[in-house]
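Since this is a predicted model, take the numbers as computed values, not measurements. Atoms within each ligand, like the ligands themselves, are counted from 1 in listed order.
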Amino acid sequence: MNAAVGSAEASTTCPYCGVGCGVLAKPGNEVSVRGDPDHPANHGRLCSKGSALGETLNLDGRLLHPEIAGRRADWDTALDTVAGRFQQTIAEHGPDSVAFYISGQLLTEDYYVANKLMKGFIGSANIDTNSRLCMASSVAGHRRAFGEDIVPGVYEDFDEADLIVLTGSNAAWCHPILYQRLLAARKARGTRIVVIDPRRTATADECDLHLALAPGADVLLFNGLLAHLARAGALDRHYIAESTTGLDQALALAAANAPSVEHVAQGCGLAPADVRFFFELFSVTERVVTVYSQGVNQSAHGTDKVNAIINCHLATGRIGRPGMGPFSVTGQPNAMGGREVGGLANQLAAHMHFDNGADVDRVARFWNAPEIATRAGLKAVDMFRAVGDRRIKALWIMGTNPAVSMPDAGRVRAALKACDFVVVSDVTRTDTTRFADVLLPVAAWGEKDGMVTNSERRLSRQRPFLVMPGEVRPDWRIICDVAARMGFGNAFGFAGPAAIFREHAALSAFENKGERLFDLGALADIPDADYETFEPRRWPARDERKAGRLLGDGRFPTPDGRARFIAVRQEGVALAVSAAHPLMLNTGRLRDQWHTMTRTGAVPRLMANAPEPMLDLNPLDAEAHGLAEGDLAHLSTRYGSARARVRITDAQRPGQAFLPMHWSGHFAANAGAGALATPITDPHSGQPELKNVPLRIVREEIAWAGVLITRRNLRPTGFVHWSRSAVTGGWVYELAGTETPDQGILLARGLLATPDRLVEYRDRKGLTYRAAAVDENGALAEALMVAPKGQLPARDWLLSLLGSRAQLTLTDRQALLSGRAPAAVPSAGRIVCSCFNVGVNQLADAVSAGCRSLEAIGRELGAGTNCGSCRSEIRTIIGAGLAAG
Ligand SMILES: Nc1nc2c(c(=O)[nH]1)N[C@H]1C(S)=C(S)[C@@H](COP(=O)(O)OP(=O)(O)OC[C@H]3O[C@@H](n4cnc5c(=O)[nH]c(N)nc54)[C@H](O)[C@@H]3O)O[C@H]1N2
Ligand SMILES: Nc1nc2c(c(=O)[nH]1)N[C@H]1C(S)=C(S)[C@@H](COP(=O)(O)OP(=O)(O)OC[C@H]3O[C@@H](n4cnc5c(=O)[nH]c(N)nc54)[C@H](O)[C@@H]3O)O[C@H]1N2
Ligand code: SF4
Ligand SMILES: [Mo]
């Protein structure tokens, strides 16, 4: 690990989800982290990912020096090359021949200068961000309804609501601390919870009603609700008259689209009684918050889904008052900060837009930018298309891994390969950095210094507590240095993040007499010292008053001051299933992994819950495809293919499969969801449909399987399938192939590193092979076992040998070659609770020993008592144990 800045406990913010929890990080031999008790987002709590932050800080795999064409270069040469190639391309082909693709991982200051450089000084709006895959439909829906991209609610609404509708949100895993807050409120005041998700997720575990609606049917459901509210006399006529326009058209279309509860139920694949229960609950409960996220946004009709939801809140006047409102929760740590600076290609800056000439003029004057872009640029999917057909000739990617996370990822990779000049700024090597002509090493969490904004518009500081290692630099500085080399030094001569933040704040307040609610005017002169000690606060920050909910006064930032109902109708799914692709593939997140696993994938306890890429399938579909639990399946869509093991679960509806989005080429041979996903986008937001693509699955005829346990970080090639998982002291590689076992043995042996200290065993038929290598101290360095499918021995004891680093005993050595543990080592089983490292076998044993409730398990094993995100899985294990008697 790199050196600490000081010894004091630093107060900073978690770099994962949009809940934006405060973290206290104490440097030492290891950095220890705890939740910040004074941070209003989490009041001291952290989820599994947040609590493991200290384990992500070692420097294995960190980029420490700039590289040009794969060779180490010095900063001056690297920056000159970037600036020179961009300038040359612009001179020859115009400003729209270059682009930036950036990210919600960036801090506000990084984001601000990147946006200013591209839109203000290069003079193109070809800057888009991974938020296009994430929040774009919410942004578009907010603008259509409210006139500005405003999230009206605050986290206190989770405490004060009587009904919370979670739609297209697996908050139990993706916004865990907010979800725990909701469960606490439920305990205290009996908050009702309705979950709308085609899958029965962990979030659906604790709810009054789970509506497992047909994928994509959300508009029909919410149109049905709007029509029901009208029929039930639940419309707030006064509010509608005073504060809105367009109800008649929206209601007419909704009523035509969703004429009755039965019609809605049929179209959504739900029971009429369940639909009626939801409608009535919504209609009679004043304090309703509707929380939504990627099941709504990531859709070919995402913007319509957002407006269908907002329509119901407008119709009942339930916006921006305590315990009520539509609440789009943000995904990334600084998704909201990116929206503030205007990091999307169709935004300008500070909630100002290209479609308003006065805005363009205002920003140009503020920046003193004569060449400002005057129209929107290319959105992510179109941007990579333009890279692919050479309209864009120079691309700078910062803080995102599009070779994995973009839909139709195979085409994105081909585009990156074909592109004349690719720059990548990252903290580590990724599938995307392979395409970089210039690779720039940047500061990571713990080293970075700046501002982020969470889902409830609350700004918090990320503060450094570690010295930047090697030659690493912060993103903002790299961007400003390139800008200066391009001749824009005057506009980018910032001394540090505080100076950039002041300019960002000043722009938000510039000629803003309240037309734009986003206003940080009170912070435009914040002294460096106050920026250092900045306490979390929400925007708007026009003056010293504390900001809370917005839009509760029934006034909206539209020209006439009224909110707009948007008439929407249910459209068909973007691509329908067919005989060739009979299943619908849904993709999303797992509890303990973050995106493309560049950080969480290296932490053993975060890998333990789901160590391999798994495709979830309903039992009926598994049977129809001749697939058993754990079988390897070949997955293909019209865009690409992948391989994953099958997990059979009735949490999936028949006809629907689910694959996590996380596995990149660093963690498996070919298990990426991005290669399978469709690049079809929503017409308003340009956000791709990442939740539905027709899928074909075929069982892979596996002949042999292997497991390699090693200290080395490898990237096997030539295997039909491999995946790997971090364990204490190294990695476990699962291998599988369709070759004959003897060929498999040959292939797998090629992975071993230390033939001189190797002991080997091979059975006479050449079907089974075992080998172990020791280091100079006689401790296990690696072990390989290969056997016909289904015959691999258990490996817990091998892992404990790898982890302990103790010298092997004679018994150990014999056991290694016989493939059997020396004594029955009790196996904890797959880890369920990663906070306390409790495995499925331990839980099952505790249930048989009489623990019949979550509380009893918690008392016995600790499991489930910290972050709480494993509670639903524990409940399932208790249920299974009780059912088995
Ligand atoms: N553990 C973890 N947490 C994270 C992240 C992570 O990588 N890991 N990433 C963060 C980021 S950037 C984001 S954007 C958020 C995302 O947070 P979420 O949106 O909660 O996560 P997802 O798993 O992408 O999708 C949510 C749910 O949408 C459902 N869904 C699919 N199709 C439909 C549909 O047509 N209608 C409805 N109503 N639901 C549907 C899926 O079944 C899925 O359960 O999570 C953030 N938090
Ligand atoms: N199939 C499918 N695809 C999806 C989704 C889905 O649900 N299904 N979800 C989409 C969503 S919502 C999102 S948000 C995206 C996320 O997709 P990505 O943005 O590709 O995911 P990350 O793994 O978070 O990539 C962030 C990269 O930035 C690096 N990094 C971290 N901090 C910094 C920093 O401070 N500066 C710089 N320069 N680099 C840094 C990390 O090392 C990592 O390589 O995926 C999208 N893709
Ligand atoms: S809930 Fe989100 S912000 Fe909070 S600790 Fe977990 S990942 Fe970090
Ligand atoms: Mo996201």
Side-chain angles (χ1 to χ4, degrees), residues 15-19 47-49 63 102-107 110 129-135 166-176 195-199 201-204 211 213-218 221 291-299 301 305 329-333 335 397-407 409 424-433 440-445 447-448 450 462 474-475 478 573 585-600 656 658-662 664 672-677 687-688 690-693 869:
Y16 298 126
C17 84
V19 177
C47 76
S48 55
K49 295 180 295 304
L63 295 172
I102 64 174
S103 158
Q105 308 288 313
L106 297 180
L107 305 180
D110 306 325
T129 117
N130 62 359
S131 285
R132 183 68 61 196
L133 316 178
C134 183
M135 309 306 316
L166 291 138
T167 179
S169 157
N170 185 9
W173 284 3
C174 297
H175 296 91
V195 174
I196 304 171
D197 192 312
R199 297 191 298 150
T201 59
T203 306
L211 295 175
L213 93 170
D218 306 67
L221 184 68
V291 179
Y292 55 95
S293 167
Q294 298 320 339
V296 168
N297 293 331
Q298 286 173 341
S299 157
H301 314 297
K305 288 185 180 184
V329 279
T330 53
Q332 298 183 88
I397 297 166
M398 307 176 206
T400 173
N401 191 1
V404 182
S405 56
M406 281 287 291
V424 180
S425 303
D426 205 300
V427 300
T428 178
R429 283 184 209 282
T430 68
D431 288 359
T432 300
T433 59
L440 303 174
V442 301
W445 184 78
E447 300 149 14
K448 297 197 63 133
Q462 266 195 27
D475 287 287
I478 299 169
V573 285
L585 177 68
N586 176 4
T587 62
R589 289 157 175 78
L590 297 182
R591 192 187 84 190
D592 293 345
Q593 288 305 331
W594 179 262
H595 293 167
T596 67
M597 301 168 70
T598 55
R599 289 166 285 181
T600 47
Q656 292 171 33
F658 179 85
L659 185 70
M661 64 168 290
H662 305 293
S664 70
L676 300 169
Q687 182 157 355
L690 291 166
K691 293 291 186 249
N692 281 298
V693 65
S869 27

Legend entry - Flag, side chain of His595 to backbone of Met661, donor-acceptor distance under 3.5 Å: no
Inset, instruction - Would you check whether His662 reaches within less than 4.0 Å of ligand 1, judged by its heavy atoms? - result: yes
Legend entry - Identity and distance of the protein heavy atom lying nearest atom 8 (N) of ligand 1: Gln593 O, 2.6 Å
Legend entry - atom 29 (C) of ligand 1 - nearest protein heavy atom and its distance: Asp197 OD2, 3.2 Å
Legend entry - Which of the ligand 2 atoms, numbered from 1, are nearer than 4.0 Å to a heavy atom of Arg589: 7 (O), 9 (N), 10 (C), 11 (C), 12 (S), 13 (C)
Legend entry - Nearest non-hydrogen protein atom, atom 35 (O) of ligand 1: Gly216 N, 2.7 Å
Legend entry - Top protein contact for atom 30 (N) of ligand 1, by heavy-atom distance: Gly295 CA, 3.6 Å
Inset, instruction - Select one of side chain, backbone, both or neither to describe which atoms of Ala444 lie under 4.0 Å from any atom of ligand 2, heavy atoms only. - result: neither
Inset, instruction - Looking only at distances, please establish whether an N/O atom of ligand 1 is found under 3.5 Å from an N/O atom of Met661. - result: no
Inset, instruction - Quick one: look at Leu133 and ligand 2, take heavy-atom pairs under 4.0 Å, and tell me if it's side chain, backbone, both or neither. - result: both
Inset, instruction - Mark up the atoms of ligand 1 that fall under 4.0 Å of a heavy atom belonging to Gly168, in ascending order. - result: 19 (O), 26 (C), 27 (C), 28 (O), 37 (C), 38 (N), 39 (N)
Legend entry - Closest protein heavy atom (residue, atom, distance) for atom 19 (O) of ligand 2: Asn130 ND2, 2.7 Å
Legend entry - Close approach, Pro474 and ligand 2, non-hydrogen under 4.0 angstrom: no
Inset, instruction - Determine, using heavy atoms of Thr600 and all atoms of ligand 1, whether some pair is separated by less than 4.0 Å. - result: no
Inset, instruction - Compute the shortest N/O to N/O distance between Asn692 and ligand 1 and return yes if it is under 3.5 Å, no if not. - result: no
Inset, instruction - For Ser425, counting its heavy atoms only, list the atoms of ligand 2 lying under 4.0 Å from any of them. - result: 37 (C), 38 (N), 39 (N)
Inset, instruction - Heavy-atom contacts with Asp475 under 4.0 Å: which atoms of ligand 2 show up? List them by number with element. - result: 34 (C), 35 (O), 36 (N), 37 (C), 38 (N)
Legend entry - For atom 44 (O) of ligand 2, closest protein heavy-atom neighbour: Asp426 OD2, 2.7 Å
Inset, instruction - Report, in ascending order of atom number, the atoms of ligand 2 lying under 4.0 Å from any heavy atom of Lys448. - result: 34 (C), 35 (O), 36 (N)
Inset, instruction - Return yes if a side-chain donor-acceptor contact under 3.5 Å exists between Lys448 and Gln462, otherwise no. - result: no
Inset, instruction - Report the residue from Leu63, Thr400, Thr433 that forms a side-chain contact (heavy atoms from CB on, under 4.5 Å) with Val424. - result: Thr433
Inset, instruction - May I ask you to identify the nearest protein heavy atom to atom 2 (C) of ligand 2, giving residue, atom name and distance to one decimal place in Å? - result: Thr587 OG1, 3.4 Å
Inset, instruction - Could you check if a side-chain atom of Leu213 sits within less than 4.5 angstrom of a side-chain atom of Asp218, using non-hydrogen atoms only? - result: yes
Legend entry - Contact atoms of ligand 1, heavy-atom distance to Lys49 under 4.0 Å: 1 (N), 2 (C), 3 (N)
Inset, instruction - Identify, for atom 1 (N) of ligand 1, the protein heavy atom at the shortest distance, and state residue, atom and that distance. - result: Leu590 O, 2.8 Å
Legend entry - Contact summary for Ala403 and Ala409, nearest pair of heavy atoms: O-CB, 3.4 Å
Inset, instruction - Could you check atom 20 (O) of ligand 1 against the protein and tell me its nearest heavy-atom contact, residue, atom and distance included? - result: Asn170 N, 2.7 Å
Legend entry - Contact atoms of ligand 2, heavy-atom distance to Ala673 under 4.0 Å: 1 (N)
Inset, instruction - Could you check atom 47 (N) of ligand 2 against the protein and tell me its nearest heavy-atom contact, residue, atom and distance included? - result: Ser405 O, 2.8 Å
Inset, instruction - Quick one: look up the protein heavy atom nearest atom 36 (N) of ligand 1 and list residue, atom name and how far away it is. - result: Asp218 OD1, 2.9 Å
Inset, instruction - Give the minimum heavy-atom separation between Pro407 and Leu133, together with the two atoms involved. - result: CD-CD2, 4.2 Å
Legend entry - Residue part near ligand 1, for Thr203, under 4.0 Å between non-hydrogen atoms: neither
Inset, instruction - Answer yes or no: does an N/O atom from Ile196 fall short of 3.5 Å to an N/O atom of ligand 1? - result: yes
Inset, instruction - Just jot down the ligand 2 atoms closer than 4.0 angstrom to any heavy atom of Val427, in number order. - result: 42 (O)
Legend entry - Contacting atoms of ligand 1, where contact means under 4.0 angstrom from a heavy atom of Trp173: 1 (N), 2 (C), 3 (N)
Legend entry - Shortest protein contact, atom 13 (C) of ligand 1 (heavy atom only): Gly331 CA, 3.2 Å
Inset, instruction - Compute the minimum heavy-atom distance from Lys691 to ligand 2 and say whether it is under 4.0 Å. - result: yes
Inset, instruction - Ignoring hydrogens and angles, tell me if any N or O in the side chain of His662 forms a donor-acceptor pair with the backbone of Thr596 under 3.5 Å. - result: no
Legend entry - Subset of ligand 1 atoms that lie under 4.0 Å from at least one heavy atom of Gln332: 12 (S)
Legend entry - Minimum-distance protein heavy atom relative to atom 16 (C) of ligand 2: His595 ND1, 3.3 Å
Legend entry - For ligand 1, the portion of Lys305 having any non-hydrogen atom under 4.0 Å away: side chain
Inset, instruction - Show which atoms of ligand 1 fall inside a sub-4.0 Å distance from at least one heavy-atom site of Ser169. - result: 20 (O)
Inset, instruction - For Gln294, take its heavy atoms, then give the atoms of ligand 1 lying under 4.0 Å from any of them. - result: 14 (S), 16 (C), 19 (O), 24 (O), 25 (O)
Legend entry - Ser103 N/O to ligand 2 N/O under 3.5 Å: no
Inset, instruction - Write out the residue and atom name of the closest protein heavy atom to atom 5 (C) of ligand 2, then the distance separating them to 0.1 Å. - result: Gln298 NE2, 3.4 Å
Legend entry - For Lys691 against Thr587, the heavy-atom pair lying closest together: NZ-O, 2.8 Å
Inset, instruction - Within a distance under 4.0 Å of any heavy atom of Cys134, pick out the atoms of ligand 2 and give their elements. - result: 12 (S), 14 (S)
Legend entry - N/O separation below 3.5 Å, Cys174 to ligand 1: yes
Inset, instruction - Please report the closest heavy-atom contact between Ser299 and Lys305, naming both atoms and the distance. - result: OG-CE, 3.5 Å
Legend entry - Gln294 side chain vs Cys134 backbone, donor-acceptor pair below 3.5 Å: yes
Legend entry - Numbering as shown, the atoms of ligand 1 that approach Gly588 to under 4.0 Å (heavy-atom distance): 23 (O), 24 (O)
Legend entry - atom 32 (N) of ligand 2 [closest protein heavy-atom partner, distance rounded to 0.1 Å]: Gln105 CB, 4.1 Å
Inset, instruction - Work out whether the distance between some heavy atom of Val442 and some atom of ligand 2 is less than 4.0 Å. - result: yes
Inset, instruction - With atom 4 (C) of ligand 1 as the reference point, say which of Trp594, Tyr292, Tyr16 has the nearest heavy atom. - result: Trp594
Inset, instruction - May I ask you to check if ligand 1 and Phe658 share an N or O to N or O distance below 3.5 Å? - result: no
Inset, instruction - Could you list the atoms of ligand 2 found under 4.0 angstrom from a heavy atom of Gly399? - result: 26 (C), 27 (C), 28 (O), 37 (C), 38 (N), 39 (N), 40 (C)
Inset, instruction - For Arg199, counting its heavy atoms only, list the atoms of ligand 1 lying under 4.0 Å from any of them. - result: 42 (O), 43 (C), 44 (O)
Inset, instruction - Compare every heavy atom of Ile397 with every heavy atom of Thr432, then report the nearest pair and how far apart it is. - result: CG2-CD1, 3.8 Å
Legend entry - Residue and atom name of the nearest protein heavy atom (relative to atom 23 (O) of ligand 2), distance in Å to one decimal: Thr596 OG1, 2.6 Å
Inset, instruction - Rounded to the nearest 0.5 Å, what's the gap from OG1 on Thr201 to CZ on Arg589? Could you check? - result: 13.5 Å
